[in-house]
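Data first, discussion second: the structure below is written as structure tokens.
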Amino acid sequence: MKEIPEIAEYLKALPGFDALGETELAACAKGIEIAYYRSGDDILTVGSENKRLHIIRSGAVELRNGDGEMMTRLAEGDCFGFPSLMNDAPARNHSVALEDSLVYHLDGKVFAHARQSSGAFDTWFIRALSDRLTMQPQVQTFRGASGENVRSLVTRAPVSIELGATIQEVATKMVDERVSAMLISDGDAVNGIVTDRDIRARVVAAGLSGDHPVTEIMTKDPITLEGDAHAYEAAMVMMQSNIHHLPITDEGKLIGMVSRSDFMRLETEHPLYLVSDIGKQTTPAGVVDACKRLPGLIIGQIESDANGEQLGKFITMITDTVTRQLIRIAEAELGPPPCTYAWVAMGSQGRFEQSAKSDQDNALVLSNKVSEADDAYFAAMAKIVNDGLHECGYVYCPGDVMASNGKWRQPLRQWKQYFNRWITVPEQKALMHANIFFDLRCVAGSVKLVEKLKKSIREDARKNEIFLALMAKNAMDYQPPLGFFRQFVLEKSGEHKNTLDLKLHGIMPIVEMARIRSLAAGELRISTRNRLTAAAKAGELTETDAANLIDALDFIEKLRIEHQSRQLQAGKAPDNHLSPDELSPLVRQNLKSAFSQVRVSQSALLNRFHLA
Amino acid sequence: MKHALLRTQRWWSRRREPTAPYDRFLDKQIPSPAADLAAIEFVNLDIETTSLDAASADMLSVGWVVTRNGRVDLSSAETWIVRPSGEVGDSASVHGLTDTMVGAGLDWGIVIDKVVHALAGRVLVVHHAGLDKALLDRMCRQRYGAPLLVPVVDTLALEHRRQSQRHHIEEGGSLKLSDLRGTYGLPRYAAHDCLVDAIATAELLLAMIAHRHATRLGDILV
């Protein structure tokens with residue numbers, strides 16, 4: 001008896017291998033040698049002989065080309081080495097373990113046999129081979145707030161004229177083509193450029209005749225830019241060189257031209273434009289109106305490859321702006337506040353982690369000097385802000401955690417008491433509150449008030465292991481939706497049948513673990529990623545565990561963003577319910593790994609508080 | 001010293017009644033503690049037993065896999081079920097082996113012949129070696145009239161030694177195979193059977209060797 005079902009089962013879940021029959025899978029399982037690599041170890045070097053297919057069982061591997069440029073990063077379930085194996089050639093890339101990795105090395109003969117026995121398996125690898133062979137080194141390009149590349153600004157084919165043309169011919173063609181600049185070319189090569197300004201300054205003002213050759217007045221060898229460059233790079237080049245027109249090339253071949261006016265179009269879609277627009281509003285209705293452009297901007301951010309962290313910060317920045325403007329409007333209407341106060345955002349806004357679908361969680365921390373009569377002022381302010389936010393799409397908090405609720409509009413000493421009680425008498429309800437309120441951040445008003453509150457919380461929480469242990473236990477309410485055999489566990493009924501709730505079962509568990517770990521480390525950092533990094537630094541969890549959780553969060557957020565973008569583009573309200581059918585097998589596999597990581601970290605958290 | 005003793009015992013055992021598998025096992029030289037780890041072949045092994053009491057436990061099944069050239073070679077994986085004298089009883093629920101399945105197994109003598117054959121010239125690796133080692137030893141004495149004479153690496157003892165050398169026990173503190181694997185960033189295996197545990201142990205040993213920068217057999221013998 002030499003079958004190894006556990007290994008065959010694992011292979012079967014991999015993309016490509018899912019096409020193999022049981023006999024072939026069993027043969028593959030037996031054809032594997034397992035090796036362990038420390039982070040930084042070489043697996044294959046360029047030009048080395050390769051007789052095996054390499055499958056990453058755990059960890060991460062980076063492929064670099066002969067020049068040491070990064071080609072791609074591979075994760076659990078990914079294969080490499082098949083190009084050299086399939087072409088019977090030496091390894092083309094250098095593979096290095098990025099993390100401690102367990103790698104399955106599958107015998108090349110067994111692999112060849114599997115390709116012969118299954119057409120689908122063979123096709124999968126042939127396709128993967130062509131992807132790998134056409135892969136380009138990944139250069140880190142700057143992707144800014146609105147990350148369009150300059151190619152997208154080119155609206156028409158280039159207008160050019162031969163090198164031998166006269167000034168007169170050039171000017172006539174410019175009029176006919178209605179362009180303000182023209183390229184002078186010799187075949188595909190750009191030799192020079194002539195603009196309206198040149199004709200004014202170098203021809204008319206200089207009294208030059210129209211039959212002179214254009215070469216006398218053109219700007220020779222103009223600055224050009226590759227189409228892949230960021231739109232802002234183009235703007236920078238034009239500003240620095242004080243030019244108004246920039247020829248754009250694609251691998252050296254001319255594809256068109258952009259002018260400064262092309263950037264006007266871009267600017268109206270820029271998020272900063274929305275921020276300044278919101279800042280000009282004097283009524284809540286005006287703010288609501290300006291916010292209607294937000295979904296379009298979110299789609300723009302996603303298309304420019306914003307990751308979860310960037311997008312969360314972006315949406316939160318807009319929410320903060322909206323909140324501040326509504327407060328300003330309230331103060332203008334109600335008069336100056338009777339005492340100092342702090343408007344506090346909580347939950348995802350507090351953490352800078354809002355998504356396209358977020359409700360509002362907020363509160364007011366008032367100075368201890370506040371009198372009972374003053375409350376009417378703050379109640380009125382809260383109503384204006386809460387209603388305004390609701391109208392803008394940040395719906396009312398279902399748990400009524402909002403400043404309009406008298407309970408959450410209290411002087412500092414009362415807030416200190418709230419937290420002290422939640423921490424020392426952690427009942428179920430208190431834990432729920434603690435989860436929201438620990439993510440507090442001052443959005444408007446007195447930062448000092450909030451700092452004082454945070455200091456007292458930090459001291460109360462760190463001392464209280466029981467409270468932290470209960471938070472940890474509570475955090476287990478949200479388990480990653482993975483079954484025993486790593487299959488997805490989908491919603492069984494209701495509106496979202498056969499979907500995964502990415503927020504509830506993927507993001508929330510990570511957010512909660514990060515909060516607990518950071519509190520245990522005596523830190524009250526705000527964002528989940530900072531919390532994990534700080535907790536790892538304090539030794540509260542391992543660096544690897546922290547990094548893995550951040551990776552998992554990045555990945556799950558990315559899927560959520562893409563899902564919500566598809567919904568926004570279809571004009572639907574964004575939600576967190578993803579159907580695994582939307583995903584490719586490889587992405588499904590990665591999502592499973594991310595969920596497994598959450599599960600592993602959850603059991604480590606239980607161990608930490610002796611709850612296992 | 002331990003190595004010298006083992007060699008003397010092996011030499012002494014050879015003068016006994018000859019039994020083919022055991023003699024072939026003794027014929028092959030055992031690697032010395034100074035041997036280069038990369039050149040050593042390991043037999044990573046796990047046994048399912050009828051009880052946890054070393055004196056009375058019987059072998060239900062055994063699984064092993066060989067590590068050579070620093071890689072776990074799955075083509076070497078073997079797993080055997082032993083036909084017992086009595087009934088499986090309570091432990092069946094733990095191992096998922098029923099009387100019928102076990103009934104299809106081999107006589108214990110044949111199984112220990114196979115184990116001893118695999119161990120020739122190699123080093124035995126077991127996670128929490130005590131019980132498994134005692135059981136194999138008893139089976140050898142019963143069948144060949146001589147003890148199990150093989151160098152043993154115990155991954156659990158190895159980790160325990162590391163932690164006590166650092167004068168602190170790690171967070172969570174568990175030295176269970178699955179937990180230790182987690183500590184070394186190794187993936188989780190769902191199934192609980194002796195071959196999977198043997199593979200799991202083999203991977204754990206590779207990770208431990210890599211993390212300790214161990215180069216000689218002596219570095220990992222406890």
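Chain letters run A, B, ... following the sequence lines, proteins first and then strands; every chain starts at 1. Hydrogens, waters and symmetry mates are skipped; everything else that's a heavy atom, side chains included, is used.
Each of B/Thr67, B/Asp73, B/Asn69 was compared with A/Glu33 under the side chain to side chain contact (heavy atoms under 4.5 Å, CB included) criterion, and only B/Asp73 meets it.
Side-chain contact between A/Ser596 and B/Arg188 is absent, with no heavy-atom pair separated by less than 4.5 Å. For the pair B/Val196/A/Glu6, a side-chain contact is recorded, criterion being any heavy-atom separation below 4.5 Å from C-beta on.
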Give the C-alpha distance, both sets of side-chain angles, the deciding distance and a yes or no for side chain to side chain contact (heavy atoms under 4.5 Å, CB included) between A/Asp100 and B/His211.
CA-CA 10 Å; A/Asp100 292 349; B/His211 279 261; 3.1 Å; yes
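Within residues 126-137 of chain B, no residue approaches chain A closer than 4.5 Å by heavy atoms. Proximity to chain A among residues 199-209 of chain B is limited to B/Ile199, B/Glu203, B/Leu206, B/Ala207, judged by heavy-atom separations below 4.5 angstrom. Using non-hydrogen atoms only and a strict 4.5 Å limit, no part of residues 544-554 of chain A faces chain B.
Under a cut-off of 6.0 angstrom, the local environment of CD in A/Glu22 is sparse, with at most 12 non-hydrogen atoms contributed by other residues, nucleotides or ligands. Atom OH of A/Tyr478 is surrounded by 12 or fewer heavy atoms from other residues, nucleotides or ligands within 6.0 Å.
Among pairs with a residue in residues 24-51 of chain B, those fulfilling ring-ring contact (aromatic ring centres under 6.0 Å, His included) read B/Tyr22-B/Phe25, at least two apart in sequence or across chains.
B/Leu74 and A/Ile4 get closest at one heavy-atom pair: O-CD1, 3.6 Å. Nearest approach of A/Ser58 to B/Gly185, heavy atoms of both residues: OG-O, 3.7 Å. Taking all atoms of both residues into account, the shortest heavy-atom contact from B/Tyr184 to A/Tyr36 is O-OH, 3.4 Å.
Of the two parts of A/Leu102, only the side chain, counted from C-beta on, holds a non-hydrogen atom closer than 4.5 Å to a non-hydrogen atom of chain B.
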